[in-house]
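Residue numbers begin at 1 in each chain, while the letters A, B, ... track the order of the sequences.
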Amino acid sequence: MASLVERRRAGAEAGIEADTAAGGERIAPLVIDPASVVLERPKNREHGDWASNIAMRIAKPLGANPREVAAELASGLEKLEGVASVDIAGPGFINIRLDAAAAGQLAHAIVEAGPEYGTGDLYAGVTMNLEFVSANPTGPIHIGGVRWAAVGDSLARILQAEGALVTREYYFNDHGEQIDRFARSLLASYEGQPTPEDGYGGQYISDITDRVVAAYAERVAADGAAELASLPAEEKQEVFRSIGVELMFGDIRQSLHDFGVDFDVYFHENSLHDSQAVERAVARLRDAGHIFEKDGAVWLRTTEFGDDKDRVIIKSDGNAAYIAGDLAYYLDKRERGFERNLIMLGADHHGYVGRLMAMTAAFGDTPYVNLEILIGQLVTLLRDGVPQRMSKRAGTVVTMEDLVDAVGVDAARYALVRSSADSQLDIDLDLLTKRTNDNPVFYVQYAHARTQSVARNAASVGVDRSVFDASLLDHETESILLGALAEFPRVVRQAAELREPHRVARYIEEVAGDYHRWYDNCRVTPVGDEPVTDVHRSRLWLNDATGQVIRNGLGLLGVTAPERM
RNA sequence: GCGCCUGUAGCUCAACGGAUAGAGUAUCUGACUACGGAUCAGACGGUUGGGGGUUCGAAUCCCUCCAGGCGCACCA
């Protein structure tokens, strides 16, 4: 099986905006891989506003010197409106510099576009189901789950910005062995017994136990149900199971909500079993000839579709295996009309990818397209640099609430979303708690607050946006800031394509830095008795445009953009 | 043993196959009688884990070795 990232990238749409129209005729008939040609904003500003490697790409098939090809192209580019200069550099880069007026026009465009700036149509009208978190209702969401809450919700926002019709979905696993363990743990707690061998421990278990007892007591009072203590053991455990799961579910929803994450659908696994959906899914696969029986169990021949081994769907004891729910669930999503189904899983579940992709193929769908599984690496929790072992059984779990209580929602979300999900993340609670200024979120938020402060000051001294002359935005820091602002749409697009929200975070950090440096060099309001000029007015547009971009970017991350700090 | 992810500055992490590998933080030096100093300017800091290969060009792609994390059920 090819690497997931590779498959993901191969399936992503290539974004090519190189304009070859300015080239001569000898280039037209060439066949080159468009994905290898890039028109980009160079890292180094001395290389101009835009740069392209096209000459180096096409030199070989042409049998020509890259610099000569570049020169030919450059002569055409120089004639374009708004282009100030075109240089050939290094092995054959074409560096394009725009005149200030052309570059500055962007500030006006951003302010006009407002919240729409940065959005695109990459996935216009595409129905997407994004499933994430889906933690078992056997305890509070721990720190690993919080990462998916932050990354998943942000990804949903980014995909929506590209026009996707996204449904956020939480698969609520309320069926099976884990839940039974949870129920047994509650019962044990109620009866003063030690935590069962395979059960859950910790303070929250006794808390939930007390609440179940209280909730059941209300039921007794209301409709005369039998006293809890008088129930047979089996019924007693069922009381703890049903009410305990319900309470846990409510708690999880609440903490996610407090974290700024609300799902459109909380899907209960139980409903799949109750509605015969599992049977229907199995029947469908059986009709397709992918089912066989062996050793008293029902199997899905996943090896036919690249899986390591065939998988049991119905165990020999007649109960459905876990994957049976997945089959029915996937089918349900497809029947609800989702073209693309994304599931975010922790690295501890990446072993499922093969079988789920095989399942997709068995249903006649296309793996990695109709179903896409995003694997994220786990979070290591540190305390003063020492890794902490978390154990649900021992109850030594750091929860979502713990993290939010320590650093707040904005800082927590930002810290979790600013790194690639491919890399393991170390979170040092003590560090985050003691020195919150270390979190770059404050740098970005401060930049936004500063744009708002500048706007307020401008208004108070009579600087308004009645005039906009882009050619007056010609300071070096303005050129850099404008260049950064221009990147936003492609950053959003790339973050959506690659499913990598962290790109947005890194980007707004750069914008914040460029803004602070501009602020240091260019005043929006006049000093002392100086009259208000069009320079001030034009700069106000740039100030407001920057605020808009940071606001839009923070919005994609689910982080607030404060007016003041 | 097989598979997936990772290895980049003291630390936490970026970098669409491109130009001199970047930020934050830490350490050191500077800048407020100017729109918020939660800021800015500068310095220090790297054999991108090691070794091969592909390419005009590799942190990025391929092979191999080393190290760490996580998986390889008729458990969920």
I want to verify a distance call: between [options], whose nearest atom is closest to the [X] side chain?
X: His516(A); options: rG3(B), rU39(B), rC74(B); answer: rU39(B)
X: Asp348(A); options: rC74(B), rG36(B), rC70(B); answer: rC70(B)
X: Arg523(A); options: rA34(B), rC5(B), rG36(B); answer: rA34(B)
X: Ser419(A); options: rC70(B), rU39(B), rA14(B); answer: rA14(B)
X: Gln424(A); options: rG69(B), rC70(B), rG36(B); answer: rG69(B)
X: Tyr446(A); options: rC5(B), rG36(B), rA34(B); answer: rG36(B)
X: Gln494(A); options: rC16(B), rG18(B), rC74(B); answer: rC16(B)
X: Val312(A); options: rC74(B), rG71(B), rG18(B); answer: rC74(B)
X: Asn53(A); options: rA73(B), rG18(B), rC74(B); answer: rG18(B)

field: Position toward the 5' end of RNA chain B (nearest nucleotide), Asp310(A) or Glu509(A)
entry: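 Upstream on the strand: Glu509(A).
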
query: For RNA chain B, whose closest nucleotide is more 5', that of Ser420(A) or that of Ala458(A)?
result: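 It is Ser420(A) whose nearest nucleotide is closer to the 5' end.
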
Pairwise N/O distances under 3.5 Å, protein to nucleotides 19-22 of chain B:
unit_1: rA19(B); atom_1: OP2; unit_2: Lys43(A); atom_2: NZ; d: 3.4
unit_1: rA19(B); atom_1: N6; unit_2: Asn95(A); atom_2: OD1; d: 2.9
unit_1: rA19(B); atom_1: N1; unit_2: Asn95(A); atom_2: OD1; d: 3.1
unit_1: rA19(B); atom_1: N1; unit_2: Asn95(A); atom_2: ND2; d: 3.2

Describe the nucleic acid contact of [X] in one word from base, sugar-phosphate, nothing, applying a heavy-atom distance below 4.0 Å.
X: Asp295(A); result: base
X: Gln377(A); result: base
X: Leu425(A); result: sugar-phosphate
X: Arg564(A); result: base

Rounded [atom1] spacing from [N] to [M] in Å:
N: rU54(B); M: rG22(B); atom1: P; answer: 27 Å
N: rC28(B); M: rU33(B); atom1: C1'; answer: 29 Å
N: rG36(B); M: rG46(B); atom1: P; answer: 39 Å
N: rA15(B); M: rC5(B); atom1: P; answer: 16 Å

query: Of all residues at least two apart in sequence or in a different chain, which pass the side-chain hydrogen bond (donor to acceptor under 3.5 Å, both in side chains) check with Thr360(A)?
result: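 Scan of Thr360(A) (side-chain hydrogen bond (donor to acceptor under 3.5 Å, both in side chains), adjacent residues dropped) gives none.
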
message: Ser419(A): which residues meet the side-chain hydrogen bond (donor to acceptor under 3.5 Å, both in side chains) condition with it, sequence neighbours left out?
response: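 If we apply the side-chain hydrogen bond (donor to acceptor under 3.5 Å, both in side chains) test to Ser419(A), skipping adjacent residues, there are no hits.
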
- prompt: Ignoring hydrogens and angles, are the base of rG71(B) and the side chain of His349(A) linked by a donor-acceptor pair under 3.5 Å?
  reply: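 No.
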
[N], OP1 or OP2 - any side-chain N/O from [X] closer than 4.0 Å?
X: Ser453(A); N: rG36(B); answer: yes
X: Tyr519(A); N: rG37(B); answer: yes
X: Ser423(A); N: rA14(B); answer: yes
X: Tyr443(A); N: rG37(B); answer: no
X: Arg450(A); N: rG37(B); answer: yes
X: Arg503(A); N: rA15(B); answer: yes

query: For the atom pair OG (Ser453(A)) and OH (Tyr446(A)), what is the distance rounded to the nearest 0.5 Å?
result: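 Reported value, rounded in 0.5 Å steps: 8.0 Å.
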
- prompt: In Å, rounded to the nearest 0.5 Å, how long is the span from CG of Asn543(A) to CD of Gln548(A)?
  reply: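 Output value for this atom pair is 11.5 Å.
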
field: Candidate pair Thr533(A) and His536(A), rule side chain to side chain donor-acceptor pair (under 3.5 Å), full reasoning
entry: CA-CA 5 Å; Thr533(A) 69; His536(A) 301 117; 3.3 Å; yes

- request: State whether Tyr515(A) and Arg450(A) meet the cation-pi test: NZ (Lys) or CZ (Arg) under 6.0 Å from the six-membered ring centroid, and within 45° of the perpendicular axis.
  value: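 No, a cation-pi geometry is absent between Arg450(A) and Tyr515(A).
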
task: Evaluate the ring planes of Phe182(A) and Tyr200(A), with Trp represented by its six-membered ring, and classify them as parallel (under 30°), tilted (30 to 60°) or perpendicular (over 60°).
output: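 The arrangement is perpendicular - the two ring planes meet at more than 60°.
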
- request: With sequence neighbours excluded, tell me which residues meet ring-ring contact (aromatic ring centres under 6.0 Å, His included) with Tyr171(A).
  value: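 With sequence neighbours excluded, Tyr171(A) shows a ring-ring contact (aromatic ring centres under 6.0 Å, His included) to Tyr329(A), given in chain and number order.
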
field: Contacts of type ring-ring contact (aromatic ring centres under 6.0 Å, His included), residue Tyr443(A), not counting sequence neighbours
entry: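 His516(A).
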
message: Do the side chains of Glu563(A) and Arg551(A) get close enough for a salt bridge, i.e. N-O under 4.0 angstrom?
response: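 No, no charged N to carboxylate O under 4.0 Å.
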
- prompt: Is Asp307(A) reaching over with its side chain to a backbone N or O of Ala358(A), donor-acceptor style, under 3.5 angstrom?
  reply: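 No, the answer is negative, given that no donor and acceptor are paired below the 3.5 Å cut-off.
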
query: Got a minute to check which stems RNA chain B is part of, using Watson-Crick or G-U wobble pairs under 3.5 Å, three or more consecutive?
result: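 RNA chain B stems, ordered by first number: B:1-7 with B:66-72, B:10-13 with B:22-25, B:27-31 with B:39-43, B:49-53 with B:61-65.
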
field: Integer-rounded Å distance: rC4(B) P and Leu374(A) CG
entry: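 Between P of rC4(B) and CG of Leu374(A): 17 Å.
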
